[in-house]
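Before any comments, here is the structure.
Atoms within each ligand, like the ligands themselves, are counted from 1 in listed order.
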Amino acid sequence: MNEELRLKYRYLDLRSERLQHHLRLRNLYVQACRQHLLKDRFVEIETPYLTKATPEGSRDFIVPSRLQPGKFFALPQSPQQYKQLAMVAGFERYFQTARCFRDEDPRADRGFEHTQIDIEMSFVEREDVMQTIEAMITKAVESLGFTIKEKPFPRLTYKESMERYGADKFDMRTEEDKKNNVLAYAWVVDFPFFEKTDEGGWTFTHNPFSQPKPEFLEDHLAGRNVENILTTQYDLVCNGYETGGGSIRAHDPRTLRATYKTMGYSDEEIEESVGHMLEAFKYGAPPHGGIGLGVERMIMILTGETYLREVQAFPMTGSAHTSVMDAPSALPEKALIDAHIRLSA
Ligand code: ASP
């Protein structure tokens, strides 16, 4: 049936056995992760949705401020900075089923909003986070009746994965595995921290808040050998998809400042973008690290669906309109005046 029509009457579409199954499975998966984390002494903390533009590599959705004309909030691309601040605040083990907003062109497996099981932990190293996540995912998917191909999940360096698969996400399943819907998880580690921009400068490959690997810390602080610096980033791959990623974070202000210096930021620009983080770290930040795990990606894999919208209750249409309701839509003049917006066309 026509896609736009299906989404216009999404509540009827959702009556189908397939979508009922997918959304119920999604619920069970998220609940299994939540139960596991709560047992493992994690605390669920909600972070703001109206916040400051975050430097995470995508375009922000912006919200005009009525009370402060000419100023804007941004919807978070992820709770990255607030979860790190929760570590500074002494929570040590945080999680949240968080909505993330990214104004990118929608694709089959990517939309404006997605949900992430978002985690951060204090006093950990890379391997501690990977093991914690592995235990949670194993528990959750096995409790739902799925089989994991290899445990512990294989670990490949970025270099190995590029040599072996020509990509940093890959499918390790045999034809037989595919028939039986086996889950082939793997970790990819040792990514380059920076890549060249079109303008010839440097930008981060994954996350500007990451800590470089210890053997590159000195180079990093000195802004030397930039092309060879490896980060503590880890990505979780499953059946050809990237289903999550995270890192150990820079918790010393000097390290975070050096990242922005390498990216060509002036002192004022650094202050403007991450001054609040540098300030917070001055009061003593524990070493910490975490991860964001895409819920929809995981459910797509569990259900064998290739479209994100098949695992979301009320997804956007391909032409970026909401299902059932007609948004984005025009606003009455009064609402525009309140928001201090004058349309140019
Ligand atoms: N903030 C990252 C993301 O949304 C995840 C993380 O590093 O924890 O991809």
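Close N/O approach between Lys83 and ligand 1 is found [any backbone or side-chain N/O within under 3.5 Å]. Considering backbone and side-chain N/O atoms, Gln77 never comes within less than 3.5 Å of an N/O atom of ligand 1. Distances between N or O atoms of Ser78 and those of ligand 1 include at least one value under 3.5 Å. Residue-to-ligand polar distances place Gln80 within reach of ligand 1: an N/O pair is separated by less than 3.5 Å.
Taking every heavy atom of Gly246 and a limit of under 4.0 angstrom, the matching atoms of ligand 1 come to 6 (C), 7 (O). In summary, the atoms of ligand 1 found under 4.0 Å from a heavy atom of Gln116, numbered by their order in the structure, are 3 (C), 4 (O). Of all atoms in ligand 1, listed by their number and element, those nearer than 4.0 Å to a heavy atom of Gly245 are 5 (C), 6 (C), 7 (O), 8 (O). Of all the atoms in ligand 1, the ones that sit under 4.0 Å from a non-hydrogen atom of Asn207 are 7 (O).
Enclosure of atom CZ in Arg110 by more than 12 non-hydrogen atoms of other residues, nucleotides or ligands within 6.0 angstrom is indicated. Counting non-hydrogen atoms of other residues, nucleotides and ligands closer than 6.0 Å to CD of Glu46 gives a total of 12 or fewer.
The same ILVMFWY cluster, assembled from side-chain heavy atoms under 4.5 Å apart, contains both Val324 and Leu12. Under the 4.5 Å side-chain heavy-atom criterion for Ile, Leu, Val, Met, Phe, Trp and Tyr, Tyr234 and Phe123 are members of distinct hydrophobic clusters.
To the nearest 0.5 Å, the span separating CD1 on Ile119 from CG on Leu37 amounts to 4.5 Å. Within the model, atoms CD of Glu305 and CZ of Arg18 stand 4.5 Å from one another, a figure rounded to the nearest 0.5 Å.
Remark: the backbone N or O of Thr255 is paired with a side-chain donor or acceptor of Thr259 at under 3.5 angstrom.
By the criterion of a heavy-atom distance under 4.0 Å, the side chain of Arg102, and not its backbone, is placed next to ligand 1. With a 4.0 Å heavy-atom cut-off, ligand 1 is reached by the side chain of Arg249 but not by its N, CA, C or O.
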